[in-house]
> 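Before I ask anything, let me first share the structure, which is written out below as structure tokens.
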Protein chains: 2
Amino acid sequence: MSGSPLLAELIDALRCLPGVGAKSAQRMAFHLLERDRSGAQRLSAKLTEAMQRIGNCTRCRTFSETPLCALCANSGRDRQLLCVVESPVDQLAVEQATGYRGQYFVLLGRLSPIDGVGPRELGLDLLAARLAEGEISELIIATNPTIEGEATAHLLNQIAAQASVRATRLAHGVPLGGELEFIDRGTLAHAFGSRHTL
Amino acid sequence: MSGSPLLAELIDALRCLPGVGAKSAQRMAFHLLERDRSGAQRLSAKLTEAMQRIGNCTRCRTFSETPLCALCANSGRDRQLLCVVESPVDQLAVEQATGYRGQYFVLLGRLSPIDGVGPRELGLDLLAARLAEGEISELIIATNPTIEGEATAHLLNQIAAQASVRATRLAHGVPLGGELEFIDRGTLAHAFGSRHTL
Ligand SMILES: [Zn+2]
Ligand SMILES: [Zn+2]
């Protein structure tokens, strides 16, 4: 852009944000320079602070700036229910959409041997130790319904069985408000096969 | 989000970016924390550096980290043509879309008395001094075809007249490839009124 190397570098750096291409990175850079330099300075500070200080909860592995996250530290949550999700985003989705009041375990991934992601990377030793404590009565497996998510669910089910803990899986089927014609074939086939008496 | 105040602050800070709402700010924060901490650190550094070091060219007012921008310093540009635009984005659009090889003057705004934006804020004294140098033979007025942009164009035309410099305005009309039925009425009326012999 008219020869400002630093502006070009800023535009390029903005592209680390998901969903931000060359055009919107440019628009963002111009906007900040023209109209919101203080917002940009604040964003810069928060990015550095967050990347340096946000790690993972030692108990559930979700993002946390303290050794134990607020949810794990909250004595008001049901200590008998443990919901396993792939990522903090999924945890947030469950937390916002359901009335679930138990605890979580965040895998930070899913089984993917080809990418070097095995039981160790998913913290399954930590999970097994947690189940061995004896407090958990139900392990709710909420991994995504992908091939890797299902393989992960299968392994989680085995771990639960070894600890004699009941494992449950989120129901799959036609989404509420979904129209059959627009639903993917796998989901529809699953929903049809899992039909139940009214 | 599960009680990390710093994560909430990062998500909030990301909303200074244009077009980024609560949902995508959240997605961005999670993405950076999970998958691109080095990209986030680089973005943080570039934001601070750009906000601190990028100012405006003393000659054309576009963004520049040096007193004179690269384009103004480029002796290969036609010194007789001066194109006036409202913002560096507009300058970039003209530069990328046309074969224009002259120079620019960037208003960094448009006349808007109600917002306290008058001739001084648009650097029109600097522009008048530039025209008085006697090198410019044509002032190309490329402000936007809005009410404020047209008022600005009117004033620029007067300034050019005072310096005995020919002023021209970008043509308005039906966009190439545009279909009449989808064009706004003002543009269509203008195009109709400005019809010319083939
Ligand atoms: Zn935790
Ligand atoms: Zn310049």
Side-chain angles (χ1 to χ4, degrees), chain A residues 1-7 9-10 12-20 24 26-54 57 60 62-66 69-74 87-89 91-92 95 104 108-109, chain B residues 1-7 9-10 12-20 24 26-54 57 60 62-66 69-74 87-89 91-92 95 104 108-109:
Chain A
M1 156 59 203
S2 74
S4 165
L6 187 46
L7 180 52
E9 284 167 31
L10 172 60
D12 187 59
L14 281 162
R15 299 193 57 186
C16 73
L17 300 171
V20 175
S24 40
Q26 192 186 87
R27 196 162 53 93
M28 287 173 170
F30 281 120
H31 171 87
L32 296 176
L33 283 165
E34 277 187 76
R35 280 189 279 277
D36 198 6
R37 290 187 180 229
S38 64
Q41 292 281 22
R42 178 164 177 265
L43 174 56
S44 170
K46 287 299 162 197
L47 278 168
T48 290
E49 205 184 341
M51 298 308 138
Q52 285 175 350
R53 288 184 40 211
I54 295 180
C57 172
C60 76
T62 199
F63 294 137
S64 179
E65 60 214 73
T66 46
C69 77
L71 200 149
C72 283
N74 179 353
S87 81
V89 199
Q91 177 187 6
L92 186 60
E95 192 67 7
Y104 292 93
L108 299 175
Chain B
M1 158 58 202
S2 74
S4 165
L6 187 47
L7 179 52
E9 284 167 30
L10 172 60
D12 186 59
L14 281 161
R15 299 193 57 187
C16 74
L17 299 171
V20 174
S24 40
Q26 191 185 87
R27 197 163 52 94
M28 287 173 169
F30 281 121
H31 172 88
L32 296 175
L33 283 165
E34 277 187 76
R35 281 190 278 276
D36 197 6
R37 288 187 181 231
S38 65
Q41 292 280 21
R42 177 165 176 266
L43 174 56
S44 170
K46 288 300 162 198
L47 278 169
T48 289
E49 205 183 341
M51 297 307 138
Q52 285 174 349
R53 287 185 39 212
I54 295 180
C57 173
C60 76
T62 199
F63 294 137
S64 177
E65 60 215 74
T66 47
C69 77
L71 201 149
C72 283
N74 179 351
S87 82
V89 199
Q91 176 186 5
L92 186 61
E95 192 68 7
Y104 291 92
L108 300 175

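Chain naming here is simple, since letters A, B, ... match the order of the sequence lines and numbering starts at 1 in each. What you are looking at is a predicted structure, and each value in this text was computed from that prediction instead of being measured.
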> With chain B as the partner, which of L108(A), D36(A), L33(A) has the greatest number of non-hydrogen pairs under 4.5 Å?
L33(A)
> Hey, could you give me the CG/CZ distance between L92(A) and R27(B), rounded to the nearest 0.5 Å?
13.5 Å
> Any idea which of A45(B), C72(B), A13(B) has the most non-hydrogen atom pairs under 4.5 angstrom with chain A?
A13(B)
> Need one label for E95(A): side chain, backbone, both or neither, based on atoms under 4.5 Å from any heavy atom in chain B.
neither
> Could you check whether any side-chain N or O of Q41(B) sits under 3.5 Å from a backbone N or O of M51(A), counting only pairs where one atom can act as donor and the other as acceptor?
no
> Counting heavy-atom pairs under 4.5 Å to chain A, which of A50(B), S87(B), G39(B), C60(B) comes out on top?
A50(B)
> For T66(A), which residues count as a side chain to side chain donor-acceptor pair (under 3.5 Å) partner, sequence neighbours excluded?
S64(A)
> How close do L6(B) and K46(A) get, counting heavy atoms only, and between which atoms?
CD1-CD, 4.4 Å
> Just so I know, are the side chains of R42(A) and C16(B) near enough to count as touching, which here means a heavy-atom distance under 4.5 Å?
no
> At a heavy-atom separation under 4.5 Å, does D12(B) approach chain A through its side chain, its backbone, both, or neither?
both
> Heavy-atom distances under 4.5 Å only: say whether E34(B) touches chain A with side chain, backbone, both or neither.
both
> Going through the checks in order, is the side-chain contact (heavy atoms from CB on, under 4.5 Å) test met by I54(A) and L10(B)?
CA-CA 11 Å; I54(A) 295 180; L10(B) 172 60; 5.5 Å; no
> Any side-chain heavy atom of L17(B) sitting closer than 4.5 Å to one from L43(A)?
yes
> Once side chain to side chain donor-acceptor pair (under 3.5 Å) is applied, do any residues pair with S44(A), and if so which ones, sequence neighbours excluded?
S44(B), T48(B)
> How close do P88(B) and F30(A) get, heavy atom to heavy atom, and via which atoms?
CB-CE2, 3.5 Å
